[in-house]
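Worksheet: the structure to be examined is printed underneath.
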Amino acid sequence: MGRIVILTGAGISAESGLGTFRDEGGLWARHRIEDVATPEGFARDPALVHRFYNIRRAQAAAARPNAAHAALARLEAESSDVVTLVTQNVDDLHRRAGSHHVLQMHGRLAGALCDVCGHQWEAPPEMDEETPCPACHRAAARPDVVWFGEYPHYMEEIAALLAEARIFAAIGTSGQVYPAAAFVEDARAAGAETVELSLEPTAVSHLFDHCHSGPATETVPRWVESLLG
Ligand code: APR
């Protein structure tokens with residue numbers, strides 16, 4: 001029994017209707033990262049940031065897992081390997097598809113975090129700069145997501161997983177954001193077989209042993225079928 005580590009990005013949720021960041025017309029073509037995805041942006045204009053995440057939270061809640069999410073849940077349930085998903089996505093579609101071993105390294109849209117006491121709770125559908133922390137009661141709620149300049153979650157666990165990986169796959173990610181973009185190199189160093197599944201070749205495709213281009217709802221079920229035999 002070995003270990004399969006799968007990194008997912010916005011592309012796996014694209015066919016569930018959730019926009020990606022760097023594709024044509026993506027989120028970062030319509031919003032400035034420094035305004036809506038940094039601690040400085042939040043300090044400057046919390047109302048703008050809350051509005052941005054309230055919209056994304058509603059979109060994620062209305063979205064449904066697609067065949068790619070379902071295929072990864074099937075792989076976890078049926079494979080003799082231990083399968084762990086490391087997702088950059090802040091939607092909850094992997095869990096709603098039935099995956100259990102999911103590490104959300106960039107946090108979760110459905111979560112709220114107190115900027116003062118660090119308390120975490122399930123975010124209400126709409127948050128604003130008056131939303132009180134249930135623990136310390138201060139009006140200091142923020143989305144429980146990792147912004148640029150902040151440290152991703154689970155980095156020690158992820159390093160240990162990559163060191164033992166028999167297979168490492170990256171699905172629906174452009175490989176533009178670190179530290180996730182370097183995971184493939186850590187996995188290669190550990191001797192893992194590396195697979196990229198993305199709509200089209202990425203800037204890091206050359207680092208992978210195998211690349212499958214196409215929509216995730218087609219490539220991921222086919223890849224999982226090839227693993228389960
Ligand atoms: N099927 C498979 N792949 C797809 C699909 C699809 N239907 N649609 C788009 N893609 C691919 C694109 O080709 C691209 O390679 O998904 C990738 C999306 O890349 P990005 O928009 O950069 O998203 P991601 O890699 O997840 O971004 C990483 O950047 O802004 C931060 O925190 C944010 O977690 C995010 C991180």
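Any value given below was found using the heavy atoms of this structure, including those in side chains, with hydrogens, waters and symmetry copies removed. Order of appearance sets the numbers: ligands from 1, and atoms from 1 within every ligand. Only a predicted model underlies this, so the values are computations on that prediction, with no experimental measurement involved. All residue numbers refer to positions in the sequence shown, counting from 1.
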Please state which protein non-hydrogen atom is closest to atom 3 (N) of ligand 1 and give its distance, to 0.1 Å? Leu199 N, 3.1 Å
Which part of Ala10 is near ligand 1, with near meaning a heavy atom under 4.0 Å away: side chain, backbone, both or neither? both
Please report the shortest heavy-atom distance between Arg30 and Gly25, naming the atom on each side. NE-O, 2.9 Å
Under 3.5 Å, side chain of His101 to main-chain N/O of Thr84, donor-acceptor pair present? no
Return the closest protein heavy atom for atom 32 (O) of ligand 1 as residue, atom name and distance. His106 ND1, 3.3 Å
Under 3.5 Å: donor-acceptor pair, side chain of Arg95, backbone of Val102: yes
Compute the minimum heavy-atom distance from Glu15 to ligand 1 and say whether it is under 4.0 Å. yes
Taking all heavy atoms of Val86 and all of Phe183, pick out the closest pair and write down the distance. CG1-CE1, 4.0 Å
Please write down residue, atom name and distance for the protein heavy atom closest to atom 1 (N) of ligand 1. Ala216 N, 2.9 Å
Contacts of type salt bridge (Lys or Arg N to Asp or Glu O under 4.0 Å), residue Arg32, not counting sequence neighbours: Glu34, Asp35
List ligand 1 atoms under 4.0 Å from Gly9, heavy atoms only on the residue side. 26 (O)
Proximity of Gln88 to ligand 1 by residue part, where a heavy atom lies under 4.0 Å: both
Can you tell me which portion of Val177 lies within the under-4.0 Å heavy-atom range of ligand 1? Options are side chain, backbone, both, or neither. side chain
Closest approach of any protein heavy atom to atom 15 (O) of ligand 1, naming residue and atom: Ser198 OG, 3.2 Å
Identify the heavy atoms of Asp144 and Gln120 that sit nearest to each other, and give their distance. OD2-NE2, 2.8 Å
Could you tell me the residue and atom name of the protein heavy atom closest to atom 27 (O) of ligand 1, and the distance to it rounded to 0.1 Å? Arg22 NH1, 3.0 Å
Any non-hydrogen atom of Ala180 lying under 4.0 Å from ligand 1? no
Under a 4.0 Å heavy-atom limit, does Thr202 contact ligand 1 with its side chain, its backbone, both, or neither? side chain
Minimum-distance protein heavy atom relative to atom 12 (C) of ligand 1: Asp23 OD1, 3.5 Å
Heavy atoms of Ala192 and Asp209 approach each other most closely as O-OD2, 3.8 Å
Give me the residue, atom name and distance of the protein heavy atom closest to atom 35 (C) of ligand 1. Phe21 CE1, 3.6 Å
For atom 30 (O) of ligand 1, what is the closest protein heavy atom, and at what distance to 0.1 Å? Trp28 NE1, 2.8 Å
